[in-house]
Amino acid sequence: LNPGGVRIGTAEIYRQVEQLPEIVESIVVGQDIATDAGIDVRVVLFVRLRDGLTLDEPLRERIRRQCKENASPHHVPRKILQVADIPRTISGKITGLVDFGAFVELPHGLEGLIHISEIAWQRLDHPRDILQVGQEITASIIAIEGSRISLSLKKMSADPWTNVLTRYQVGSTVKGK
């Protein structure tokens, strides 16, 4: 992440947040936002709390204070949101198709990318072979690195290689297309 032009590591945020007993797990993302000075990164923290707890302003302030006092002011999340569970999948809308993949509009103003190799198990010449702009999709979150959210559609379906030995005998000859 690079908020205010200062490079920070998310591990420092996790280290501080995990010390608070109310928080079960969390995930940090960087969200590009427009400012008067250009583009900046807003640190967004999603937290899953212990059963029966609700994220209120005093807990948000404790999280911010913990990060500021034990890491740095740049590590303080600008936005803290409570989620029922840290998402392993997420829904969104395809906003653009390029040779190398598909851009996806996600909740909370975030954007993800499905690399062409993560769209389908079969080889594709272009993402438009399967996807179209405006299409609603649900994808698996495979990585979050700063403000980059990497998604996979193929991980939402069974891997065809897992049962290849049940369909074919070792040493047999199979004619391809």
Run the side-chain donor-acceptor check on residues 100-114: report pairs under 3.5 Å with partners two or more places apart or on a different chain.
none

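Between the side chain of Gln82 and the backbone N or O of Asp56 there is no donor-acceptor pair closer than 3.5 Å. Side-chain atoms of Arg50 do not come within 3.5 Å of backbone N or O of Ile23 as any donor-acceptor pair. A donor-acceptor pair is defined here as one N or O able to donate and one able to accept, closer than 3.5 Å; such a pair exists between the side chain of Lys154 and the backbone of Ser117. Looking only at distances, no side-chain donor or acceptor of Arg42 sits under 3.5 Å from a matching main-chain atom of Gly30.
Put simply, Leu81 and Tyr14 are part of the same group of oily side chains (I, L, V, M, F, W, Y) that touch within less than 4.5 Å, one to the next.
The salt bridge (Lys or Arg N to Asp or Glu O under 4.0 Å) search around Glu69 returns none, not counting sequence neighbours. Qualifying salt bridge (Lys or Arg N to Asp or Glu O under 4.0 Å) partners for Arg62, counting only residues two or more places apart in sequence or in other chains: Glu22. In this structure, the salt bridge (Lys or Arg N to Asp or Glu O under 4.0 Å) partners of Asp125, at least two apart in sequence or on a different chain, are Arg123. Residues satisfying the salt bridge (Lys or Arg N to Asp or Glu O under 4.0 Å) criterion with Arg64, sequence neighbours excluded, are Glu57, Glu61.
Applying the ring pair (Phe, Tyr, Trp, His ring centres under 6.0 Å) test to pairs two or more places apart or on separate chains, none has a residue in residues 109-136.
A distance of 6.5 Å separates OG in Ser140 from CE in Met156, rounded to the nearest 0.5 Å.
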